[in-house]
There are 2 protein chains.
Amino acid sequence: MTAGETEIVPKYLALAAALEADVVAAGEPHEALPTERTLQEEYGVSRATVRRAIAHLVASGAVYSVRGSGTYVADPSMIRKGLRLTSFSEDMDERGHRPTSETLGNDVVPADEILAEKLNVPVGEELARIHRLRLADGLPMALELARIPLKFFGGSLPDPRGSLDEQLSRRGHRAESADQSIRAVNLGFEEANLLSQPVGAAALRVERCARDVLGRPVECTETTYRADRYGFDLSVVRGAKD
Amino acid sequence: MTAGETEIVPKYLALAAALEADVVAAGEPHEALPTERTLQEEYGVSRATVRRAIAHLVASGAVYSVRGSGTYVADPSMIRKGLRLTSFSEDMDERGHRPTSETLGNDVVPADEILAEKLNVPVGEELARIHRLRLADGLPMALELARIPLKFFGGSLPDPRGSLDEQLSRRGHRAESADQSIRAVNLGFEEANLLSQPVGAAALRVERCARDVLGRPVECTETTYRADRYGFDLSVVRGAKD
DNA sequence: AAGTGGTCTAGACCACCGC
DNA sequence: CGGTGGTCTAGACCACTTC
């Protein structure tokens, strides 16, 4: 009587996933979801479970509820980002945008002092440098410059077609945590052209140094987002100091 | 006078506030809270309400729960908060700068639709608008435009000399959590002059709507930081959202 | 085995929205 | 006014930790 690995998935999460797929993904913004009492019947669960599933979707920004009126598909035009570490692809996926990328150039350079320290390698260590244009729904969204010790790829440049994150994960170097800095910059000529923005336009620059689960640095990435298409929306609390 | 109106505060929020004050604030890190079933009796509520209150505290990072074991006061040193809710003064103090401010203008305006909704007041409600230039070590750092219902100050404009945060705290409207959006903008003529920056320079615009411990909105503030002097540094982890 | 938090149910009443 | 989401109750069973 083998158990077979039956994964335990709470009903409310399964329901949230089902709603996300059935209604949210296929629905127009501001389209109403069935009422909670209707969903309760349709899915054969209690209303508390329906409400919990919906609360999950509200928290993730997929839907919003209006007291006395109903629950509706959220308008994804406002891109949101919380406090979690995500790749560009994950980030766009979560917000209902189709992420693609265009490689602008790959090369190998020796680590300068700053990068050497951040990546915890000797100065002069070979780093893969991957320069990409990131698009959302086919429109330029960000420029990304990743610097990763070549040794993490087994000595050769990564396949530009595949996900960088995935290739790192396969070798046990999945990014698990990161230090980030967020700043505003004016776009220079080259950046502006690549992003289809006017020269001097404001942009968000995110510098990220990621570490794997053991705390070893794996990559330093600089991402420059179009200010008119991207911003951070997050919740903060008055917590204790670090 | 005062507001004789009976505020409707959900039990679970009231309980969360009570637990925060009674147990969390006074307790040592990793000290166990009473069990949910104990709290249920002590406070005369259902277990679902106790759980909801605790869920609130977990989300705010004040406590953590361990399945099969108990719920414990969180160790502040282990809290990983990318960004915390801080006032400009606190923020500058932590960064080692001396914060000062220069009032550019105070007035009272009726709430438009957008602010009325965010602040949960009727359209036309009187809002205090405090426009200040924020300096760090005597140099312009940010422009701040705060909008706060006048009733939170007892009907008169706040003392421009004192800390806004403090004056709100004294009246029980301390900002405890907030929704924030971070974007990049190009400075206009007036903003640029006030910040001693060239016109068109990039800047970080932070829009913050803060709530008190009971979740009541207290202020909506728009802060524009000089990009050359300010940025966010934070840590992120790859965690589930929820 | 006893106790904990995690999930779920089947009810109920309320405040609010729209007709 | 009926229907909606928001809150709350009093149970129940489960998986897990702890002894």
Side-chain angles (χ1 to χ4, degrees), chain A residues 3-19 23-24 27 30-59 61-74, chain B residues 5-19 23-24 30-59 61-74 113 116-117 120-123 211 214-217 240-242:
Chain A
E5 346 168 341
T6 323
E7 218 182 304
I8 43 158
V9 174
K11 275 192 193 178
Y12 75 94
L13 279 183
L15 178 53
L19 288 177
V23 187
V24 179
H30 310 297
E31 183 178 325
L33 269 69
T35 70
E36 295 178 353
R37 288 159 179 94
T38 304
L39 292 171
Q40 170 181 355
E41 273 198 10
E42 277 184 10
Y43 288 89
V45 298
S46 74
R47 191 172 156 224
T49 302
V50 171
R51 282 188 56 71
R52 203 158 168 194
I54 289 179
H56 190 80
L57 294 176
V58 170
V63 305
Y64 63 94
S65 294
V66 180
R67 189 195 194 98
S69 172
T71 299
Y72 307 89
V73 176
Chain B
E5 314 174 18
T6 310
E7 280 275 359
I8 26 171
V9 176
K11 276 193 193 176
Y12 74 94
L13 278 183
L15 178 54
L19 288 176
V23 187
V24 179
H30 309 297
E31 183 179 323
L33 269 69
T35 71
E36 294 179 354
R37 288 161 180 90
T38 304
L39 291 171
Q40 170 181 355
E41 271 198 11
E42 276 184 11
Y43 287 88
V45 298
S46 74
R47 190 173 157 225
T49 301
V50 171
R51 284 187 54 70
R52 205 159 166 194
I54 289 179
H56 191 80
L57 295 176
V58 169
V63 305
Y64 61 95
S65 293
V66 180
R67 187 194 196 100
S69 174
T71 299
Y72 307 89
V73 176
E113 282 188 15
E117 194 207 319
N120 196 28
V121 296
V123 173
R211 298 175 296 271
L214 296 178
R216 296 175 299 203
K241 30 188 185 190
D242 206 0

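Proteins get letters first, then strands, A, B, ... in listed order; numbering begins at 1 in each. Computed from a predicted structure; not experimentally measured.
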Atom pair CG (B:Asn120) and CZ (B:Arg211), whose distance is rounded to the nearest 0.5 Å: 11.5 Å
Nearest atoms (heavy-atom pairs only) where A:Tyr72 meets A:His30: CD2-O, 3.5 Å
Which atom of B:Val63 lies closest to which atom of B:Leu33, heavy atoms considered: CG1-CD1, 4.1 Å
Residue-phosphate contact under 4.0 Å: B:Lys11 side-chain N/O, D:dG6 OP1/OP2: no
Selected nucleotide, minimal atom distance to A:Arg67 side chain, candidates C:dC16, D:dT7, C:dG5: C:dC16
Whole-Å distance separating the CD atom of A:Glu41 from the P atom of C:dG11: 12 Å
Value in whole Å for how far the C1' atom of C:dG5 lies from CG of B:Leu39: 12 Å
Closest to side chain of B:Ser65, choosing from D:dG5, C:dG5, D:dT9: C:dG5
Under 4.0 angstrom between B:Tyr12 side-chain N/O and D:dC8 OP1 or OP2: no
Nucleic acid contacts - residues 48-55 of chain A versus DNA chain C, non-hydrogen atoms under 4.0 Å: A:Ala48, A:Thr49, A:Arg52
Between D:dG6 (C1') and A:Arg47 (CZ): distance, integer Å: 7 Å
All pairs passing salt bridge (Lys or Arg N to Asp or Glu O under 4.0 Å) where residues 42-55 of chain A contributes a residue, at least two apart: A:Glu36-A:Arg47, A:Glu36-A:Arg51
Closest to the A:Val45 side chain, choosing from C:dT7, C:dT9, C:dG6: C:dT9
Approximate separation, where rounding is to 0.5 Å, of B:Leu15 CG and B:Gln40 CD: 11.0 Å
Side chain of B:Glu36 - closest among C:dT7, C:dG5, D:dT4: C:dG5
Distance (rounded to the nearest 0.5 Å) between A:Tyr64 OH and A:Ser69 OG: 8.5 Å
Nearest-angstrom distance from the residue atom NE2 of A:His56 to P of D:dG5: 19 Å
Nearest-neighbour nucleotide for the B:Ser46 side chain, D:dC16, D:dA10, C:dT4 considered: D:dA10
Between P of C:dA12 and CZ of A:Arg37, the distance in whole Å: 12 Å
Distance in angstrom units between B:Gln40 CD and C:dT4 P, rounded: 12 Å
Nearest-0.5 Å distance that lies between atom OG1 in B:Thr49 and atom CG in B:Leu13: 11.0 Å
